[in-house]
Amino acid sequence: MDFQILAKGIALAGCAIGAGLALIAGIGPGIGEGNAVAKACEAIGRQPECKGDVTSTLILGVALSETTGIYGFVTGLLLIFVAPGMFMNFLA
């Protein structure tokens, strides 16, 4: 009986730690997108005639980099709400 309580506690702790680490994944895209926008503004400031090319490339790059943050967010939500129930059913 004590083993099951310990196993449930370890499973819940693992889910919580994993969710926290997964949600940290949102920091990288935020920093990267900020740097990209800063460089795009700098490029447009130097050569205003290339605004359309820089803006379209910037939007594509930001959209691609944002997916990593979204994947981390979804993984964190799954670890918070779905995984504990699955582990508890498995351990029962």
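Note that the structure is a prediction, hence the values are computed from the model and not measured.
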Novice: I'd like to know if the side chain of S56 reaches the main chain of D53, judged simply by a donor and an acceptor atom lying under 3.5 Å from each other, with no hydrogens or angles considered.
Specialist: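 Looks like yes, one N/O pair under 3.5 Å.
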Novice: Might you point out which heavy atoms bring G45 and P48 nearest each other, and give the distance in Å?
Specialist: O-CD, 4.2 Å
Novice: Nearest 0.5 angstrom please: K51 NZ to C41 SG, how far?
Specialist: 10.0 Å
Novice: Give a yes or no on whether V37 and I31 share a hydrophobic cluster (residues Ile, Leu, Val, Met, Phe, Trp, Tyr; joining criterion: side-chain heavy atoms under 4.5 Å apart).
Specialist: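 No, separate clusters.
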Novice: Given the rule in the side chain to side chain contact (heavy atoms under 4.5 Å, CB included) test, do Q47 and V54 qualify, once you have shown the distances and angles that lead to the verdict?
Specialist: CA-CA 10 Å; Q47 291 184 340; V54 171; over 6 Å; no
Novice: Using distance only, find each side-chain donor-acceptor pair of residues 65-86 under 3.5 Å and give its atom names and separation, not counting sequence neighbours.
Specialist:
| unit_1 | atom_1 | unit_2 | atom_2 | d |
| --- | --- | --- | --- | --- |
| S65 | OG | E33 | OE2 | 3.4 |
| S65 | OG | G61 | O | 3.3 |
| S65 | OG | V62 | O | 3.1 |
| T67 | OG1 | L64 | O | 2.6 |
| T68 | OG1 | S65 | O | 2.8 |
| T75 | OG1 | Y71 | O | 2.7 |

Novice: Looking at every heavy atom in both C50 and A43, which two are closest together, and how far apart are they?
Specialist: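 For C50 and A43, the tightest heavy-atom pair comes out as SG-O, 4.3 Å.
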